[in-house]
Amino acid sequence: MASSRRQYPFHLIEPKWQQTWDEQQAFRAFNPGDSVPEGHPFGIRHNLSGKVARAEALPQKFYILDMFPYPSGAGLHVGHPEGYTATDILARYRRACGFNVLHPMGWDSFGLPAEQYAVKTGQHPRVTTEANIANFTRQIKSLGFSYDWSRELATTDVEYFKWTQWIFLKLYNSWFNPETNRAEPIETFNPIVEKIVTGRVSQPITIAPAFEYELRTVANKLLARGTRISTIKRTLVDSQRLAYVAKGDFWWCEQLGTVLSNEEVVDGKSEVGGFPVEKKPMLQWVLRITAYAERLFDDLDSIDWSNSLKEMQRNWIGRSEGAIVKFQVDVPGPNPVSFSVFTTRPDTLFGVTYMVVAPEHTFVDGIVALLEQKKRANYRVNEQITAPTIRIYSENISEIEVLSLSAALAKAKSRGLDLIENNPTANPPACIIESYAKHVSFEQEVSKQIQPVRDYKQQVAKKSDLERTELAKEKTGVFMGAYAINPVNSQRIPIWIADYVLSNYGTGAIMAVPAHDERDWEFAALFDLPIKEVVKSQKQRYCNRKPVHLDATDINLLHSPDFKPDIEFRNAGSLKGEWIDFLDREEAIKFFSGRSYDFGDIVPSSVEADGTTCNSDFLNGSTTPEAKKKISAWLEEKGLGKKTINYKLRDWLFSRQRYWGEPFPIVWKKDAAGNLYHEALPESSLPLLPPSLEDYKPMPDGQPPLARAKDWLNLPDGSVRETNTMPQWAGSCWYYLRYLDAKNNSAFVGKDVENYWMASNGKSAGVDLYVGGTEHAVLHLLYARFWHKVLFDLGYVSTPEPFYKLVNQGLILGSDGQKMSKSRGNVVNPDDVLVEYGADAFRLYEMFMGPLQDTKPWNINGVAGVYKFLGRVWRLFVDETSETEFEQAEATKEQSNQELLNLIKLNAAIKDVAATPAQLKTLHACIKKVTEDLDGMRFNTAISAMMVFVNDAITWETKPVSVLREFLQLLQPFAPHIAEELWSKVQSLKSKVNAADGSATLSIGHQTLDLAYSPWPKFDAALLVENEIEIPVQVNGKLRDVIKVSVNATAAELEALALANEKAKPYYEGKTIKKVIVVPKKLVNIVAA
RNA sequence: GCCGGUGUGGCGAAAUGGUAGACGCACAGGACUUAAAAUCCUGGGACCGUAAAACGUCGUGUGGGUUCGAGUCCCACCACCGGCACCA
């Protein structure tokens, strides 16, 4: 193929224009306050040449952004330029339309591959990174994208990550005020701490009761341990920062040598590399993204993203509405024990037949501890109490009396109760009156279960998350021995622990309603727990409790007409055998009666549906939504529950045990009591550079590589630096803001600049268009929205959302229809395509393949097709003889490229003459289609419209220059190089003919405008009007003929013409014509029967 | 299982409820050429016909429905792609 003749000399044209644009800085976007250089095409177009561009003088802005790439060693693949081409076309289009277009590019350059290479070779990651960036730059520039390279940035630039660290300090020094539902500087939290810890209030403050309770609990715990007041204050403050240190189980990846966030773990493997991961208890930095769950969820409604992407985010945030219900545990004694569950179906509260608590739940240890405490109490009998007065608790724990010992004993005796000491060290000693029998039964039941509970906990702890979820076909669990009291009917309900309940969702405990929850049903069937139906619905079914094996006779019977009413088999999984769902309870009983095998009994099948509540006392007869309302009100009134919204989203694990990332601007210190605590570095100390290392491996003890740099690590005052680094996502959380003001060294972005590019100005706000792949749906796009909202709350940016419109480009598959990958050997390197077809053809093909959002396979023949189209465009304009001369001259290699290109002359058929109406119609149909398609991002059909134009124009004997010129303006965004070259050739023929209607305005003032800045053509609808149109004639909706009529034909005329039509006649002859449908300018349909 | 999306020639695809398949690829025939490539012209959903055509019938994943008329709207289902998944 390389030997075949070029369709046109793109190999000379493309470098020429790329160089021109570079030298001219043609696509530089001007900020308010910038001075526009004399002669810059933007300045000429907008009358700002040589002037300072004040915000009011600048035209409407348009910010069009690509997801910046990670500059890998492999270079660009054809997937990258798909989105880049789309945005470039739109950027050029908007520029032509007169917008001030911001279209930047940069590098997401922190990342693992460079570091792994460094571990292997000792080469500093910066060296690798810079080489890769150079290669990416070359490749991207060779595609002729109109980026403003003066704003180029890399997340690894010191001047960039200085501000990433600065934003981290903002996060560190902020807290989320639940009262105002937004982030505030940490200082505004201090009065609350003061009130909680010391009770001092300088001015009235309101604290949400739940929040106050949470803080008080923490404070009281510390106080009880004798912690100093200053430490308590610090702990409280640290516990509320948006960037905080958390102790918890985190995903650890041995191969990568680092922890990973939830979003980075897919199917129990690392998203990068697919290595196994495990949960490990560790101390890590975490960002409080959960505080924003509600706003991140709700604000999705305000932005124009694809449905599927929004759904992915909604799924990830996982909002569910329900209620928290408090259950008392049936324990004897003065101290009430309770736990709460989260449920989305509080209306089924009467159907609760057991409770499940996650094995990790503190409640489990609590109940065990309680028992031991009880045990001890029981050994000390009443005689040992010698104090003159003691506290008496009755079974109703709210009653407290202070009595003498003898009075207490008498009282106990009179009620037939024993007196049991509970807290002999209290003053006066506290005692309780209890039914001794109750104690005994509690003790016996719980102590019997202590060992099984411990065993089960251990067994669960050993399981990997994968085993607990994916592989767990059969449920496991053990009874705790304790009972809860159902608040609605005071029934005693057994409490179990089971690992199908997750500790980190909701409250870590559930109320089980097996009749209306699949998981609960399975568990109940397995452990023979009761199943109580409380919702009647259309879908309700009944089945056998135990799975059964059916013999052939039974199967036949089930399929016989006797059992017509809907029978379904459910596979019983590893339990073997089958459950049979019947629509009708009677049918089920009828079937099972007389069977010899053990089928348990007939119970409601788990059906999670809305319906009518039954077996539920005061809720009976309510519809599900009504019942939810009623029960919620009832619970709230009694103080037993509360409507709640729960989110699946977890806080964002923000530290990594890596070298090649932003170091945390944090140091660790010890207070007088020897407690370790963290402190932020002052802003003035930024940037904090990573130390230089010889060895980039983590320490043998698992400490991050930064810990190797002892000089860096240890500060003169004895404090020690944080050795973790930030994840790769940190840099990409705000790069779109840095582009606005990339060189600013006094702020991460200037206020006025941010306001010009991001603030809502009626037509648009934020980034006007963001294009990138779906793979970042829950990573980058969620994190960036979160940071943006924090910056918004703190007053640094002017919109609550960063990306108002976002489009996902579809995946490009290999020619085999498979995902492109090295191992499949189906990767296409753009460089190879460019050598053979040039950048314009490459761009055109990427867009012509199909709709931008669709997944589509790469087909090299398709490139040849659009390449041929560009050849036709070329031949439409140039003189063939001159081209032959050019080719001969090129072979001698004696002239410069420009001299060679100058040899190519315009086609003699191109003349400065008035266009015929037909020619204008062809042109304006094309303008209309291309313009509308660009507005709708339908690039493929815009290109086909241009093909239609060329197919027609190439047949014209005389080609009016004004028409061809406007065509080049349409072509320019798609194939800018060839368009510029041909534009420069037609400049010699200045149009006078069509100047009157402005359609071929070539200059403003006295200067000629570059093609890239010449105003976008407007189509004239009047030129598109047809005199004669073709009207289909249908009989009963079927096409029978097409007639030519005047565009002004009336309905009556059309009807007459249609009825007179000879071809249509046979189809209704002999039938009566019922009516004739006439749609003027559209069709005629004769309805006959 | 739940959520989102897609389904139209040999292929990529196009069609405000109104002539299904624009445009392009591949293919076939022709022109130019010693020849090939390139270029230019012509053809084309399937079936039935025919020397060739005309005409006809069928046709947008499947089955129903609404409508004078459905690729497009409604209902049910199937297949594929993507996401989530013991989330209470």
Side-chain angles (χ1 to χ4, degrees), chain A residues 1 3-7 266-267 306-316 318-320 322 341-345 348 356 468-470 472-473 475 498-502 504-513 516-520 522-523 608 646-649 774-775 777-778 808 810-811 844-845 848-851 853-866 868-869 871-872 875 880 929 938 940-948 951 954-955 1030-1042 1063 1066 1074-1079 1081-1089:
Chain A
M1 243 342 241
S3 57
S4 74
R5 189 185 156 201
R6 277 190 197 91
Q7 290 272 352
V266 181
D267 296 334
S306 74
N307 234 328
S308 65
L309 194 65
K310 284 191 188 181
E311 275 308 309
M312 276 190 232
Q313 290 222 340
R314 288 198 188 105
N315 267 334
W316 192 261
R319 179 183 195 272
S320 52
V341 300
F342 174 73
T343 176
T344 54
R345 294 299 297 266
T348 61
V356 185
R468 271 185 74 163
T469 55
E470 315 250 312
K473 290 267 190 300
K475 294 200 163 30
D499 66 357
Y500 83 91
V501 170
L502 309 174
N504 59 3
Y505 181 76
T507 59
I510 61 151
M511 54 180 234
V513 186
H516 305 291
D517 183 282
E518 180 81 38
R519 298 152 301 184
D520 296 345
E522 272 177 39
F523 194 81
E608 199 180 334
N646 213 346
Y647 297 94
K648 234 161 65 179
L649 187 70
T774 346
E775 65 272 21
V778 289
N808 289 122
L811 205 62
L844 225 43
Y845 178 62
F848 191 61
M849 285 163 85
Q853 294 89 338
D854 289 8
T855 302
K856 49 218 169 254
W858 180 266
N859 178 1
I860 195 68
N861 293 327
V863 188
V866 290
K868 240 155 71 178
F869 161 68
R872 281 163 77 80
R875 290 189 293 276
E880 285 196 51
K929 182 86 178 127
R938 293 179 297 266
N940 52 334
T941 49
I943 293 167
S944 77
M946 291 188 288
M947 287 173 168
V948 171
N951 287 347
I954 213 153
T955 66
E1030 290 191 334
I1031 294 286
V1033 177
Q1034 298 180 340
V1035 179
N1036 288 337
K1038 291 206 167 163
L1039 179 74
R1040 295 306 173 187
D1041 197 15
V1042 178
K1063 282 193 182 166
K1074 291 218 162 156
K1075 60 175 156 176
V1076 181
I1077 313 258
V1078 182
V1079 185
K1081 298 183 188 181
K1082 279 287 178 199
L1083 57 39
V1084 183
N1085 187 13
I1086 300 164
V1087 185

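Quick note: numbers below take in every heavy atom, side chains included, and nothing from hydrogens, waters or symmetry partners. The chains referred to below are lettered A, B, ... by the order of the sequence lines, with proteins before strands, and numbering in each begins at 1. Here the structure is a predicted model, which means the values were calculated and not measured.
- For the C1' atoms, the distance from B/rA79 to B/rU67 is 29 Å, rounded to whole Å.
- The nearest whole Å value for the distance from the NZ atom in A/K648 to the P atom in B/rC86 is 8 Å.
- Side-chain atoms of A/Q7 and A/K868, non-hydrogen and from C-beta on, do get closer than 4.5 Å to each other.
- Taking atom P in both B/rA15 and B/rU72, the straight-line distance is 15 Å, to the nearest Å.
- B/rU66 and B/rC74 have their P atoms separated by 15 Å, given to the nearest Å.
- Remark: the separation of the P atoms in B/rU60 and B/rC73 is 15 Å, to the nearest Å.
- Base orientation at B/rG10 is anti, since its O4'-C1' glycosidic dihedral falls outside 90° of 0.
- As judged by a 4.0 angstrom heavy-atom cut-off over every strand, A/N1085 is placed among the base-contacting residues.
- For the C1' atom pair drawn from B/rU6 and B/rC58, the interatomic distance equals 26 Å after rounding to whole Å.
- Taking atom CG of A/N859 as the reference point, atom P of B/rC11 lies 12 Å away to the nearest angstrom.
- Donor-acceptor pairing under 3.5 Å is recorded for the side chains of A/D520 and A/Y500.
- Summarising the base pairing, B/rA28 is matched to B/rU42 through a Watson-Crick or G-U wobble pair whose two defining distances lie under 3.5 Å.
- Here the side chain of A/Q313 pairs a donor or acceptor atom with the backbone of A/A777 at under 3.5 angstrom.
- Straight-line distance from the NZ atom of A/K1038 to the P atom of B/rG56: 11 Å, rounded to whole Å.
- Separating the CG atom of A/D854 from the C1' atom of B/rU8 is a distance of 14 Å, rounded to the nearest angstrom.
- For A/Y647, the side chain to side chain donor-acceptor pair (under 3.5 Å) criterion is met by no residue, not counting sequence neighbours.
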